[in-house]
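To start, the structure under review is shown below, and the notes come after it.
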Amino acid sequence: MSYSIKIDQSIAYFTINRPAMRNAVNYDVMEGLESFLDQIEDDPEISFAVITGEGDLAFCSGGDLSDFHGFHTAEDAFPMLSRGASILYRIATLPMPTIALVNGAAVGGGCELATACDYRLVASHARAGFIQGTLAITAGWGGATLLFEKNGPHDRLLQFTSRASIHSPEQLLELGWATEVYEGDTEVALDQFLAPKLNVHRNVHRAYKSIATRKWKTNGLEHAMQEEARVCSVLWESDAHHEAVQRFLTKSK
Ligand SMILES: CCCC(=O)SCCNC(=O)CCNC(=O)[C@H](O)C(C)(C)COP(=O)(O)OP(=O)(O)OC[C@H]1O[C@@H](n2cnc3c(N)ncnc32)[C@H](O)[C@@H]1OP(=O)(O)O
């Protein structure tokens, strides 16, 4: 199984379980995320949702390039990108707060997935970045749209996305992308993060989440995320993109 879902004491966990591929997202993982969202979206008993990746090397390395490399035209690539954008929109607008437990690299679509969550707990050894530019594409699952919507100074965010580089936890904190950086055991870090919040009734957390995200239901965010998928799909069909993916996939062979 490429993922696991667990609900424990009012906390719902989704774990991408493809550590050998650095938890890259394939269709199976997309399906898993959809079924996770179906399970928790209307469950009033869930206080928090946590998304993470198996192992300590990667949170998520983005779209599975070996699977998605087969798309040659914008028309081929758009349905996958659009589906990713729908998933990230659903995550961003879940009624309960969400936590990305960034226990390793979060790059490309993996950085987008973490951006869709409300909080990002980043391990001191982790790295993250919108590296899509190194593949001659942009973010395509709506993650850049979400970043600009949520996270602060326009000029710094524009550099965060367009430089396509990988950032240290210290840089991620400074940017305001990381909520906290933790050392050591991931479960302990999550417990410590959640403990003071669990003293407050879940309905309060859910009410603040709805106050913070209400505007997205009316300001066209969902459409803007789909538009990001469309822009990315156009770049996807370039030779520059296919050559860069080919280089990545053959680098260690
Ligand atoms: C569709 C939305 C937009 C996107 O997400 S585009 C995709 C963006 N992602 C990428 O460009 C992948 C970048 N991956 C990396 O930079 C590195 O793998 C990463 C995450 C920093 C981890 O580095 P390392 O720990 O040194 O691991 P590595 O590079 O040797 O990889 C181990 C094995 O996993 C594979 N892998 C990693 N990320 C992948 C991906 N996204 N799709 C398909 N395969 C992927 C990699 O090819 C390698 O496979 P193998 O063991 O050589 O067979």
Side-chain angles (χ1 to χ4, degrees), residues 2-3 16-31 33 51-89 91 100 102-116 122-123 125-147 160-169 171-172 225-238 240-253:
S2 306
Y3 63 88
I16 306 174
N17 188 10
R18 306 184 74 212
M21 303 289 282
R22 301 300 181 265
N23 297 319
V25 173
N26 59 6
Y27 282 127
D28 203 27
V29 174
M30 282 189 168
E31 224 172 276
L33 280 165
I51 298 181
T52 192
E54 186 60 35
D56 60 3
L57 292 178
F59 166 76
C60 172
S61 63
D64 187 323
L65 292 169
S66 44
D67 267 21
F68 300 155
H69 191 34
F71 303 141
H72 286 285
T73 65
E75 288 70 31
D76 290 343
F78 181 73
M80 175 279 290
L81 294 166
S82 169
R83 184 172 174 187
S86 298
I87 292 170
L88 263 58
Y89 178 78
I91 292 172
V102 183
N103 52 332
V107 295
C111 192
E112 296 188 53
L113 179 60
T115 301
V122 178
H125 68 274
R127 300 284 179 273
F130 282 80
I131 59 158
Q132 291 89 334
T134 64
L135 301 175
I137 55 172
T138 58
W141 288 341
T145 305
L146 280 168
L147 180 79
F160 185 34
T161 50
S162 58
R163 274 195 188 163
S165 44
I166 299 201
H167 299 267
S168 68
Q171 292 169 322
L172 295 164
M225 290 173 72
Q226 289 295 329
E227 188 55 20
E228 177 181 316
R230 197 194 59 75
V231 167
C232 181
S233 74
V234 172
L235 296 174
W236 195 284
E237 66 183 16
S238 71
H241 173 61
H242 293 290
E243 286 159 15
V245 172
Q246 199 54 44
R247 277 197 297 279
F248 174 75
L249 292 174
T250 52
K251 74 176 180 344
S252 55
K253 313 278 180 310

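Note that the structure is predicted; figures quoted are calculated from it, not measured. We count ligands from 1, going down the list as the structure has it; atoms in each ligand are counted the same way.
- Residue Leu81 places no N or O, backbone or side chain, under 3.5 Å from any N or O of ligand 1.
- For ligand 1, the polar-atom distance check finds no N/O of Trp236 at less than 3.5 Å from any of the ligand's N/O atoms.
- With Glu112 contributing its side chain and Ala139 its backbone, the two residues share no donor-acceptor pair below 3.5 Å.
- Within the 4.0 Å heavy-atom criterion, neither part of Leu57 lies near ligand 1.
- At a 3.5 angstrom cut-off on N or O pairs, Gly63 counts as close to ligand 1.
- A donor-acceptor pair under 3.5 Å is formed between the side chain of Thr250 and the backbone N or O of Gln246.
- Near Gly62, the atoms of ligand 1 lying under 4.0 angstrom from a non-hydrogen atom of the residue are 5 (O).
- Contact annotation for Lys251 and ligand 1: only side-chain heavy atoms (C-beta onward) come within less than 4.0 Å of the ligand.
- Considering backbone and side-chain atoms alike, Ala20 places an N or O below 3.5 Å from some N or O of ligand 1.
- Checking only distances, Phe248 never comes within under 3.5 Å of ligand 1, N or O to N or O.
- Remark: ligand 1 and Ser61 share an N or O pair separated by less than 3.5 Å (distance only, no angle test).
- In the vicinity of Asp64, heavy-atom distances shorter than 4.0 Å reach the ligand 1 atoms 42 (N), 43 (C).
- With distances taken over non-hydrogen atoms, the option nearest atom 13 (C) of ligand 1 out of Thr250, Ile166, Ile131 is Ile131.
- Of all atoms in ligand 1, listed by their number and element, those nearer than 4.0 Å to a heavy atom of Ala24 are 40 (C), 41 (N), 42 (N).
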*Could you go through the side-chain contact (heavy atoms from CB on, under 4.5 Å) check for His242 and Trp236 one step at a time?*
CA-CA 8 Å; His242 293 290; Trp236 195 284; 4.2 Å; yes
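- Between Phe160 and Phe130, the ring planes lie perpendicular to each other; the angle is over 60°, past the 30° to 60° tilted range.
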*Evaluate the side-chain contact (heavy atoms from CB on, under 4.5 Å) criterion for residues Gln132 and His241: first the C-alpha distance (whole Å), next the side-chain angles of each, then the deciding distance (0.1 Å), finally the verdict.*
CA-CA 10 Å; Gln132 291 89 334; His241 173 61; over 6 Å; no
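- Classification of the His69-His72 ring pair by plane angle, with boundaries at 30° and 60°, yields tilted.
- Only the side chain of Leu135 comes within 4.0 Å of ligand 1, counting heavy atoms alone; its backbone N, CA, C and O stay farther away.
- No donor-acceptor pair under 3.5 Å is formed between the side chain of Ser82 and the backbone N or O of Pro79.
- Between Ser66 and ligand 1, no pair of N/O atoms sits closer than 3.5 Å.
- Rounded to the nearest 0.5 angstrom, Asn26 CG and Leu65 CG are separated by 12.0 Å.
- A salt bridge links Asp64 with Arg18: the closest approach of a Lys/Arg side-chain nitrogen to an acidic carboxylate oxygen falls below 4.0 angstrom.
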